[in-house]
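Values in this document were obtained by computation on a predicted structure and should not be read as measured data. Chain letters run A, B, ... following the sequence lines, proteins first and then strands; every chain starts at 1.
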Amino acid sequence: MKPAIQIISERISQAIQKATGQNVPAIVTPATDSKFGDYQSNNALALAKQLKANPRQLAEKIIAQLQIDDICQKPEIAGAGFINLRLKPEFVAKNLRETVSDKDRLGIEKTNKPETVVVDFSGPNIAKQMHVGHLRSTIIGDCICRMLELAGHKVIRQNHIGDWGTQFGMLVEFLKERLEKLFNSHSVEWTAGPIEDIEDFYRQASEQYKNNTEFAGKARTTIADLHSGNPACLELWQMIVTETRRHYLPLYKMLGVNLTINDERGESFYKDKLADVVNDLKKQGLAVESEGAICVFPEGFKTKDDKPMPFIIQKSDGAFLYATTDLAALRYRINELKADEIIYVTDARQKQHFEMLFAVAKMAGWVKDTKLVHITFGSVLGEDGKPLKTRSGENVKLKELLDEAVKRAKAVVQEKNPDLPDDEKENIAQSVGIGAVKYADYSNNRTSDYIFSYDKMLAMDGNTAPYMQYVYARVCSIFKKGNIDIKKELNEIKEIYLNEPAEFELAKQLIRYSEAFNSAIADFKPNFLTAYLYELAQKFSAFYNACPVLDAQEKIRPSRLLLCDLTAKIIRHGLENLLGIKTIERM
RNA sequence: GCGCCCGUAGCUCAGCUGGAUAGAGCAACGGAUUUCUAAUCCGUAGGCCAGGGGUUCGAAUCCCUUCGGGCGCACCA
C-alpha cells in the first residue's frame with residue numbers, strides 16, 4: 001500500500017509536468033500546522049524562482065492540472081504560494097480498511113530492490129562484561145536489522161566479537177599457571193567460573209604483565225603458542241570465550257535483541273586471513289614500511305604533525321591490528337557473504353578509522369559496487385553531562401544498569417497495582433524496565449549524546465516506554481471488558497464513521513505508519529519511529545477521552561473498535577517488531 | 001595545531017535535502033473524573049534557535065567568522 005504522501009507527490013509531479021513542462025521531484029511534506037491541512041506542496045515557490053514566475057500564479061496553474069479529488073478536498077493556495085491539501089474522510093476510511101487487513105505489515109511496503117545487507121554491531125569483548133558502551137551499538141544495530149528485514153532485504157548480522165588479541169596471551173598464561181595440573185593433563189574439564197572470575201583474572205593478569213617481567217615474557221610466548229594453534233592454549237582460550245558467551249547471550253535475550261551464536265564472526269575468525277591482506281596490499285604497492293610498521297597512506301588524512309596519516313596494518317613487532325582484521329572482514333563480507341551493502345554500527349569516535357578503512361579497501365579495488373556505511377551514534381552521559389561511569393570511575397555494567405531499571409519499574413508496579421499476581425508484576429517490571437532503557441535511547445536523536453536518567457525514562461507521562469505500554473494496555477482493556485470478538489466485529493463492518501474530530505485525527509495518524517517507517521529507515525533514525533508512535537498514542541488518548549467505544553451507538557461502535565484495534569496493532573508492531581520492546585496487556 | 005560533532009523554552013530533547021506565527025515532554029499555573037485502567041485528557045505561560053556577517057522572495061536549517069563545549073588525530077579497539 002502506497003503511503004498517502006507518496007501518491008500525492010506523484011500527482012503533484014504530474015501536474016507540474018503538465019502545467020510547466022518541468023520534470024521535477026515533488027516537494028510534499030506534512031503540513032507545518034494542522035490549520036493548513038494535512039500535507040503541503042512547496043513546489044510553486046521553488047519553481048517560481050527558477051522560472052522567474054509569480055509563485056501564486058504558478059500554484060494556480062499547478063492546481064488546474066492536479067488530479068487529486070479521489071484523495072483530497074479542493075486544494076487551497078495560501079501564503080506566498082503554498083498548496084495546502086486536506087485528506088478526504090472517504091480516502092482515509094478506505095486506507096484504514098486496507099491497513100487493518102494488512103496484518104503483518106500494516107501498510108509498510110517491501111522494497112522493489114532487495115539487497116544483501118551485512119550489519120556489524122554489538123561487538124562485545126571476550127573476557128569482559130558488556131558495559132553501557134555496548135548498549136547503543138547493540139540496540140540500534142538490532143533496530144536497523146529489523147527495519148531492513150521488514151523492508152524485504154536479506155540481512156546478515158555479524159557480531160564482531162573481540163575474541164583475539166594480545167590480551168589473550170597474558171590471560172591464557174595466567175590461567176595456565178593457575179590451573180597447571182589440569183592444563184598438563186590436556187583434558188581440561190574445568191569450566192571457568194562466572195564472568196566476574198574471568199574479569200578478575202584479567203585484572204590480575206594485566207597487573208602481573210605490567211609488574212612482573214618473567215610473567216610478561218611467558219605471556220608473549222603463550223600468545224605465540226596460541227596463534228600457532230597450540231591445542232592446550234586454544235582449549236583455555238575457548239573456555240574463556242564460552243564463559244563470556246554465557247554472560248552476553250542471556251543479556252541479548254533480556255534486551256530483546258535478535259543476536260545468536262550463529263551471528264558471531266569474531267576477530268579470531270579472520271586470523272588466518274590477515275597475512276593475506278597485508279601481502280595483497282604490499283603486492284599492489286599500497287602497503288609500505290614506515291617507522292618499522294607496515295602502513296597504507298590513504299589520501300586526505302593527516303597526523304597532528306601535518307604528516308600523512310598511516311593506516312597501520314602490521315605493527316613493527318609483526319603483530320596484526322584491528323585495522324587488519326577489519327580489512328579481512330570487509331573482504332570476506334564482499335566476496336563470501338556477497339554483500340551489496342555493509343553497515344557498521346559504532347560510536348562516532350571511530351569515524352576516522354572507518355573513513356580510512358573504506359578508503360584503503362577502495363584503493364585496493366576490493367569494494368566494487370558494495371555500499372559501505374558507518375552508522376554513528378553519540379555517547380550515553382551521566383546526570384553530570386560526562387560519560388556515564390560508576391562512582392569509582394568504572395564503566396557501568398550493562399547487566400547492572402538493566403537490573404536497576406527493572407528494580408525501579410517493579411517498585412512502581414507494586415505501588416500502582418499491588419493486587420496483581422507476583423509473577424505478572426515481575427513480568428510487567430521486566431517489560432517496562434528494559435523497555436524504558438531502550439525506548440529512551442531510541443527516542444533520542446541517534447547522532448547526539450544523551451543524558452541517562454532512570455527517573456525520566458520510567459516516567460508515566462511524556463514520550464516514554466511506560467506511557468506507550470500503558471496506552472496499549474488501555475486498548476486491550478476495552479476488548480477484554482467488552483468481551484469483543486474483533487474479527488467478527490470487523491467482518492460485519494459496513495461503513496466507517498469518522499465524524500468526531502478525535503476519530504478523524506486518530507484515523508489519519510493510523511494510516512501514516514508506513515510514511516513514518518520510510519523516513520525512519522531512510523537515515524536509520526529510530527527516533528522517527530518513536531515520535532510517530534508517541535503521536536499515535538496521544539491521539540488515541542484524546543480519542544479515548546472524547547469518544548466512548550463500548551457504549552457508542554450501535555452504528556458507530558464497529559468503526560471505533562476498528563480504530564482501537566488498529567491502534568493496538570500498530571503500537572505492538574512498532575514496539576515489538578521494530579524496536580524489540582515488549583507490550584503488556586495490563587499493567 | 002588540524003579534522004569531525006555540538007550549542008534551540010528553566011530542564012531534557014525534536015525539527016536541519018531552506019518554506020507560513022520554531023515544536024514536544026518535564027517542571028509551573030488553570031480546568032476536566034457517577035472512567036472503557038486519571039499511569040489520562042484539555043488549556044495557559046514560557047524563545048534575538050550561542051553572537052556576528054553573507055547567500056535569497058524566504059535561514060534554526062546552506063556558506064564564512066567569533067565565542068563556548070565534546071571527540072579524534074602512528075603501532076589499543
Side-chain angles (χ1 to χ4, degrees), chain A residues 25 27 29 31-33 35-36 40 42 45-46 48-49 54-55 78-82 84 123 125 160 162 165-167 267 290-295 300-317 319-323 325-326 346-353 355 376 378-379 381 385-387 412-413 415-417 432 440 443-445 447-451 453 455-456 459-464 466-467 469-471 473-482 502 527-528 530-531 534-535 538 541-552 560 564 586-587:
Chain A
I27 307 170
T29 59
T32 51
D33 189 317
K35 76 181 174 212
F36 299 133
Q40 62 183 54
N42 302 336
L45 294 142
K49 176 156 48 171
N54 177 306
F82 302 96
N84 289 338
N125 295 316
H160 196 77
T166 44
Q167 75 270 28
E267 293 170 346
S290 168
E291 297 177 28
I294 307 297
C295 311
F301 298 92
K302 297 213 166 128
T303 66
K304 330 182 221 218
D305 316 321
D306 208 33
K307 289 191 289 195
M309 171 129 78
F311 194 63
I312 303 177
I313 53 174
Q314 189 168 18
K315 299 203 290 185
S316 45
D317 67 3
F320 302 116
L321 309 89
Y322 75 127
T325 310
D326 276 343
T346 84
D347 69 284
R349 288 175 303 192
Q350 295 189 50
K351 197 169 176 236
Q352 187 175 252
H353 167 71
E355 283 170 359
T376 63
S379 310
L381 308 178
K386 293 190 188 133
V412 179
V413 180
E415 185 203 323
K416 300 277 181 190
N417 230 337
V432 172
S443 58
N444 275 289
N445 186 329
T447 57
S448 23
D449 299 347
Y450 73 94
I451 293 179
S453 159
D455 290 337
K456 294 232 162 80
M460 300 307 155
D461 25 52
N463 191 8
T464 65
Y467 175 80
Q469 288 164 323
Y470 173 67
V471 170
R474 285 215 292 185
V475 191
C476 292
S477 176
I478 293 176
F479 290 108
K480 225 174 283 165
K481 192 111 182 178
N527 66 309
F528 286 8
T530 58
Y534 180 54
E535 213 173 312
Q538 282 181 308
S541 292
F543 159 81
Y544 182 92
N545 266 35
C547 306
V549 177
L550 296 175
D551 295 335
R560 292 193 175 165
C564 291
R586 59 177 187 172
M587 63 188 284

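Atom name P, nucleotides B:G43 and B:G7: the rounded distance is 30 Å, in whole Å. Spacing of C1' atoms, B:U17 relative to B:U61, comes out at 10 Å, to the nearest Å. Distance check on atom P: B:G15 versus B:A50 gives 15 Å, rounded to whole Å. One C1' atom belongs to B:G25, the other to B:A14, and the distance between them is 10 Å to the nearest Å. Comparing the C1' positions of B:C5 and B:U44 gives an interatomic distance of 38 Å, to the nearest angstrom. Annotation: B:G51 and B:G47 have their C1' atoms spaced 16 Å apart (nearest Å). Distance noted for atom C1' between B:C13 and B:A22: 14 Å (whole Å). Taking the C1' atoms as reference points, B:A45 lies 8 Å from B:C29, given to the whole Å.
As rounded to whole Å, 13 Å separates atom P of B:A24 from atom CG of A:N463. If you take CG of A:D551 and P of B:U34, they are 14 Å apart, rounded to a whole angstrom. Counting to the nearest Å, the C1' atom of B:G19 and the CZ atom of A:F36 are 11 Å from each other.
Among the protein residues, A:A78 comes within range of the nucleic acid bases, having at least one heavy atom under 4.0 Å from a base atom. Note on A:I478: a base of the nucleic acid sits closer than 4.0 angstrom, heavy atoms only. In this structure, A:K416 reaches the bases: a heavy-atom distance under 4.0 Å links it to at least one base atom across the strands shown. Nucleic acid contact for A:N54: none, since no nucleic acid atom lies under 4.0 Å from a heavy atom of the residue. Using a 4.0 Å heavy-atom cutoff across all strands shown, A:K35 reaches at least one base atom of the nucleic acid. Among the heavy atoms of the strands lying under 4.0 Å from A:C547 is at least one base atom, whether or not backbone atoms are also near.
For A:Q40 against B:A20, a side-chain N or O and a base N or O form a donor-acceptor pair under 3.5 Å.
Here B:U40 sits opposite B:A32 as a Watson-Crick or G-U wobble pair (both hydrogen-bonding atom distances under 3.5 Å). Nucleotide B:C62 forms a Watson-Crick or G-U wobble pair with B:G54, both donor-acceptor distances falling under 3.5 Å. Nucleotide B:G7 forms a Watson-Crick or G-U wobble pair with B:C67, both donor-acceptor distances falling under 3.5 Å. Shown here, B:C2 forms a base pair with B:G72; the pair counts as Watson-Crick or G-U wobble because both key distances fall under 3.5 Å. When Watson-Crick and G-U wobble pairs are counted only if both distances are under 3.5 Å, B:U12 pairs with B:A24.
With A:E267 contributing its side chain and A:G165 its backbone, the two residues share no donor-acceptor pair below 3.5 Å. Between the side chain of A:T464 and the main chain of A:A459, a donor-acceptor pair closer than 3.5 Å is present.
Taking all atoms of both residues into account, the shortest heavy-atom contact from A:I27 to A:A46 is CD1-CB, 3.9 Å. Shortest non-hydrogen contact noted between A:K307 and A:E291 is NZ-OE2, 4.4 Å. Minimum heavy-atom separation, A:D449 to A:G378: OD1-CA, 3.3 Å. Closest non-hydrogen pair, A:D326 versus A:H353, comes out as OD2-NE2, 2.7 Å. Minimum interatomic distance between A:V475 and A:C564 (heavy atoms only, all atoms of both residues): CG1-O, 3.2 Å. Here the shortest heavy-atom pairing between A:N527 and A:N444 reads CB-O, 3.7 Å.
Applying the side-chain contact (heavy atoms from CB on, under 4.5 Å) rule to A:A546 yields the partners A:A502; only residues at least two apart in sequence or on another chain are considered. The side-chain contact (heavy atoms from CB on, under 4.5 Å) test applied to A:N417 returns A:L420, not counting sequence neighbours.
Taking the side chain of A:M460 as heavy atoms from C-beta on, and the options B:C11, B:A20, B:U40, the nearest nucleotide is B:U40.
Nearest-nucleotide positions on RNA chain B place A:T32 closer to the 5' end than the other of A:Y470 and A:T32. Of the two residues near RNA chain B, A:D306 and A:P548, the one whose nearest nucleotide lies more 5' is A:D306.
For B:A24, the base is not stacked against the aromatic ring of A:Y534, per a cut-off of 5.5 Å between centres and 30° between planes.
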> Given A:F320 and A:T325, is the side chain to side chain contact (heavy atoms under 4.5 Å, CB included) satisfied, shown in steps?
Replying inline: CA-CA 8 Å; A:F320 302 116; A:T325 310; 5.7 Å; no
>> Does A:N125 form a side chain to side chain contact (heavy atoms under 4.5 Å, CB included) with A:Q167? I'd like the steps, not just the answer.
In response: CA-CA 11 Å; A:N125 295 316; A:Q167 75 270 28; 5.9 Å; no
>> If you apply the rule side chain to side chain contact (heavy atoms under 4.5 Å, CB included), what do you find for A:Y450 with A:L381, and how did you get there?
In response: CA-CA 6 Å; A:Y450 73 94; A:L381 308 178; over 6 Å; no
Find every protein N or O atom lying less than 3.5 Å from an N or O atom of nucleotides 14-17 of chain B, and list the pairs.
unit_1, atom_1, unit_2, atom_2, d
B:A14, OP1, A:N445, N, 2.7
B:A14, OP1, A:S448, OG, 2.8
B:A14, O3', A:N527, ND2, 3.4
B:G15, OP1, A:N527, ND2, 3.4
B:G15, OP2, A:N445, ND2, 3.0

Can you check nucleotides 41-44 of chain B for protein contacts, nitrogen or oxygen pairs under 3.5 Å, and list what you find?
unit_1, atom_1, unit_2, atom_2, d
B:C41, OP1, A:Y467, OH, 2.8
B:C41, O4', A:N545, ND2, 3.1

For nucleotides 56-58 of chain B, tabulate all protein N/O to nucleotide N/O atom pairs closer than 3.5 Å, reporting atom names and distance.
unit_1, atom_1, unit_2, atom_2, d
B:G58, O6, A:K49, NZ, 2.9

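Residues A:M460 and A:V412 have side chains in contact (heavy-atom distance under 4.5 Å, counting atoms from C-beta outward). A heavy-atom distance below 4.5 Å is found between the side chains of A:C295 and A:S290.
Ring geometry, A:Y467 versus A:Y534: the interplanar angle exceeds 60°, so the pair is classed perpendicular (tilted spans 30 to 60°).
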> Could you write nucleotides 71-77 of chain B as a row of B, S and -, 5' to 3', where a protein heavy atom under 4.0 Å of any base atom gives B, of only sugar-phosphate atoms gives S, and otherwise -?
Replying inline: SSBBBSB
